[in-house]
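The block underneath contains the structure these notes are about, expressed in structure tokens.
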Amino acid sequence: MLRERMGSSSQSHPHLLLLLLPIAFSATLFWTSSAAHTQSRDPFAIRISCGAREDVRTQPTNALWYRDFGYTGGRLANAAWPSHITPPLKTLRYFPLSDGPENCYNIGNIPNGRYTVRIFFALVADSNLDNEPVFDISVEGTQIYTLKSGWSNIDDQAFAEALVFVTDGSLSACFHSTGRGDPSILSIEILQVDADAYNVGPKSGKGTVLRTTKRLTCGSGKPAFDEDLNGNHWGGDRFWLGTSTFEKGSDQPISTENTITQASVEPNFYPEKLYQSAIVSTDRQPNITFQMEVDPNKNYSIWLHFAEIDPGITSKGQRVFDVLVNNAITFTEVDIIQIAGGRNAALVLSETVAVSGRTLTIILMPRKGSHAIINAIEVFEVISAEFRTSKEEVTALQNLKNSLGLPLRFGWNGDPCVPQQHPWSGVDCHFDSKSGRWVIDGLALDNQGLRGILPDDISKLHNLQSINLSGNSIQGGIPFSLGTIAGLETLDLSFNQLNGSIPESLGQLASLQILNLNGNLLSGRVPANLGGRPLHRASFNFTGNSGLCGIPGLRACGPHLSLAAKFGIAFAALLVLLLLVVCVTCWLKRRQNILRVQKIANSREAPYAKAKTNFVRDMQMARNQRVYDQSRAPAEGGPQLLS
Ligand SMILES: *[C@@H]1O[C@H](CO)[C@@H](O)[C@H](O)[C@H]1NC(C)=O
Ligand SMILES: *[C@@H]1O[C@H](CO)[C@@H](O)[C@H](O)[C@H]1NC(C)=O
Ligand SMILES: *[C@@H]1O[C@H](CO)[C@@H](O)[C@H](O)[C@H]1NC(C)=O
Ligand SMILES: *[C@@H]1O[C@H](CO)[C@@H](O)[C@H](O)[C@H]1NC(C)=O
Ligand SMILES: *[C@@H]1O[C@H](CO)[C@@H](O)[C@H](O)[C@H]1NC(C)=O
């Protein structure tokens with residue numbers, strides 16, 4: 001379906017398709033032909049300017065933003081940028097609740113691999129309402145972020161970013177309304193990074209999503225993207241918030257022009273410039289303390305960046321410090337020069353910690369020497385990736401959506417069951433541990449004003465236990481295939497406009513407990529194995545279908561006949577009819593002739609004639625040409641004229 005969407009959106013953007021195909025093609029080729037990661041090729045990258053009708057380029061890097069495509073709904077508007085790090089794009093796409101509670105971008109033709117997905121938000125310009133929307137975001141079915149009110153006043157909250165794996169050639173990013181304004185999306189960036197980027201240990205891999213919670217470059221005080229820092233494209237164009245102090249008077253920024261070794265290396269390719277500035281503590285407060293607010297009861301992966309750029313520290317043993325995270329010693333006796341192998345060499349330490357409270361505190365506490373140093377900090381939230389819903393069942397639900405003309409307000413975009421915080425309304429899911437997929441076990445779409453017909457492939461939802469479509473205006477027949485949903489316990493199709501007969505297949509549903517077909521236009525005989533079912537457990541209702549017959553409470557049907565019997569009867573009826581026609585004809589002719597003979601006899605007192613048919617003609621001929629023809633009459637076998 002994702003490819004389909006891509007296809008349909010490309011149709012309206014033929015120029016875009018031409019642009020995208022070669023990229024995707026060459027990237028795919030490269031991906032499959034080289035397992036090793038080379039820097040010789042560029043990573044795959046798509047940037048979308050939401051709401052834009054034309055491709056856009058932005059300075060200073062001349063980045064290309066494709067015009068809007070791949071969305072499931074929403075409307076265009078001019079954008080007001082909430083912060084100065086927001087890309088200078090002029091339009092956005094917003095999703096009013098009337099377009100459904102869940103809308104997505106589905107982007108196809110993406111080579112499988114690891115990606116940074118970054119989504120910038122914006123505010124609708126010239127809006128009468130000046131309130132910022134607050135909504136949830138999911139990527140590949142996993143909820144990554146809930147916007148916090150006040151986000152539009154905080155630089156690094158103007159976007160959400162996560163590291164995800166693409167495994168099926170497409171990527172979906174969905175926006176879930178929470179009833180607090182319309183999700184408004186400025187841009188979406190899908191930037192390939194190294195498959196091993198940000199390895200968080202045993203929990204790393206396809207089952208884990210990392211959401212960027214904080215990125216800080218220390219010392220420079222200026223925010224920057226990797227691009228601004230001349231970083232490698234394989235880094236995913238990270239955004240670094242700038243800080244020059246953690247606590248005024250207690251620490252100070254330093255910087256260097258020296259080359260930093262081991263910075264831009266696999267798999268994370270950090271910009272060298274990141275290590276050319278740092279914050280060092282002073283005598284007044286030897287500790288460096290960094291504190292941030294976090295969501296409680298989550299796991300956070302912390303990445304600390306060091307390079308000994310302080311000219312005062314020249315050999316190992318001169319600066320040794322411990323790293324405490326929420327007061328637990330996480331790294332002991334860190335000696336940068338010793339571990340990195342020298343001065344001006346990059347060192348990255350990372351660890352994942354569970355945080356129960358609302359603050360994350362990192363303290364660098366000197367053990368030898370009196371000062372600590374830090375060059376950059378990254379904090380990620382470690383999120384378990386959701387399992388997805390069975391593809392076959394998603395397709396069946398989408399067909400149902402189209403077939404019943406489900407109103408927009410239902411949404412039904414993205415994945416039906418995940419994120420678990422936002423399942424589709426009217427759909428009940430459970431996790432099938434055997435297949436490792438979510439499946440649909442209930443449909444509750446009663447009294448929703450639905451029209452249309454029930455599609456045959458509703459039976460592809462073969463884990464259904466309950467269907468309630470009562471009180472709609474569904475027409476057509478009951479699909480025979482419903483009888484193949486083996487576990488179906490409840491089937492309520494009452495009060496619709498279903499016609500035709502009840503499929504015999506429903507009789508195969510051994511678990512069926514409730515069958516409500518009342519209030520439809522059904523006709524014909526109720527299948528014997530339904531009508532005859534012991535009623536002590538099950539509750540079946542067939543009333544209010546004037547055409548139905550055959551069980552107690554309904555009218556009686558005619559005799560039950562096989563097809564052969566019906567043919568036999570039809571044939572016999574035809575024979576009888578023919579016979580009747582022949583008899584009637586004979587009888588009529590006979591009666592006619594008798595009448596005639598009687599008439600002649602009455603008028604002429606002629607004796608009884610044998611050859612009745614020729615009698616009148618012959619007699620007339622005889623009358624008119626009696627003299628001339630007198631000898632012929634006996635030769636024709638006609639009666640003798642006796643006069
Ligand atoms: C540095 O941090 C540690 C750990 O919180 C604390 O025990 C110590 O008192 C701090 N040192 C100073 C000088 O504040
Ligand atoms: C955090 O990690 C621990 C240990 O791996 C795990 O048991 C726990 O479920 C994780 N918590 C969250 C919120 O993901
Ligand atoms: C189906 O929905 C209707 C209308 O909401 C309700 O009255 C009925 O009880 C439901 N059927 C079943 C079997 O629960
Ligand atoms: C059922 O209704 C549809 C349209 O409402 C009609 O086309 C179809 O012929 C009907 N079928 C039967 C068996 O009456
Ligand atoms: C069957 O449905 C009708 C309404 O169509 C209702 O009046 C009747 O009580 C139902 N019968 C049973 C046995 O539930």
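Counting starts at 1 for both ligands and their atoms, in listed order. Heavy atoms only: backbone and side chains are in, while hydrogens, waters and symmetry mates are out.
Within the 4.0 Å heavy-atom criterion, neither part of Thr289 lies near ligand 1.
Ring planes of Phe135 and Phe175: perpendicular class, angle over 60° (limits at 30 and 60°).
Proximity of a side-chain donor or acceptor of Asp457 to a complementary backbone N or O of Asn399 within less than 3.5 Å is not detected. Judged by distance alone, with hydrogens and angles left aside, the side-chain atoms of Thr213 form a donor-acceptor pair with the main-chain N or O of Glu381 at under 3.5 Å.
For atom 5 (O) of ligand 1, the closest non-hydrogen atom of the protein is Ile363 CD1, 3.4 Å. Among all non-hydrogen protein atoms, the one lying nearest atom 14 (O) of ligand 3 is Asn468 ND2, 3.9 Å. Here the heavy atom of the protein found nearest to atom 9 (O) of ligand 3 is Asp492 OD2, 4.6 Å. With respect to atom 2 (O) of ligand 1, the closest heavy atom belonging to the protein is Asn287 ND2, 2.2 Å.
Taking each of Met365, Arg284, Gln285 in turn, the one with a heavy atom nearest to atom 13 (C) of ligand 1 proves to be Gln285. Selection from Ile329, Thr361, Leu324 by nearest heavy atom to atom 4 (C) of ligand 1 gives Leu324. Closest to atom 1 (C) of ligand 5 by heavy atom, among Asn545, Asn516, Asn541, is Asn541.
Proximity of atom 11 (N) of ligand 1 to the protein is indicated by at least one non-hydrogen atom lying closer than 4.0 angstrom. Protein heavy atoms are absent from the space less than 4.0 angstrom from atom 7 (O) of ligand 5.
Near Thr490, the atoms of ligand 3 lying under 4.0 angstrom from a non-hydrogen atom of the residue are 13 (C). In the vicinity of Asn447, heavy-atom distances shorter than 4.0 Å reach the ligand 3 atoms 4 (C), 5 (O). Close approach of ligand 5 to Thr543 (heavy-atom distance below 4.0 Å) involves ligand atoms 1 (C), 2 (O), 3 (C), 5 (O). Atoms of ligand 1 found under 4.0 Å from any heavy atom of Asn327 (numbered from 1 in listed order, with element): 5 (O).
Within 6.0 Å of CD on Gln421 lie more than 12 heavy atoms contributed by other residues, nucleotides or ligands.
Looking at Asp446 next to ligand 3, an N or O pair under 3.5 Å apart turns up.
Looking only at atom types and distance, the side chain of Thr146 has a donor-acceptor partner in the side chain of Asp136 under 3.5 Å away.
Of the listed residues (Asp226, Val348, Leu229), just one forms a side-chain contact (heavy atoms from CB on, under 4.5 Å) with Tyr270, and that residue is Val348.
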For this session: Report the C-alpha separation of Asn541 and Asn516 in whole Å, then their side-chain angles, then the decisive distance to 0.1 Å, and conclude whether the side chain to side chain donor-acceptor pair (under 3.5 Å) test is met.
Result: CA-CA 5 Å; Asn541 197 336; Asn516 290 343; 5.0 Å; no
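One finds the CG atom of Asn287 at 8.0 Å from the CG atom of Leu364 (value rounded to the nearest 0.5 Å).
Here the side chains of Leu522 and Phe542 are not in contact, with every heavy-atom distance at 4.5 Å or above.
A salt bridge links Arg215 with Glu378: at least one charged nitrogen is closer than 4.0 Å to a carboxylate oxygen.
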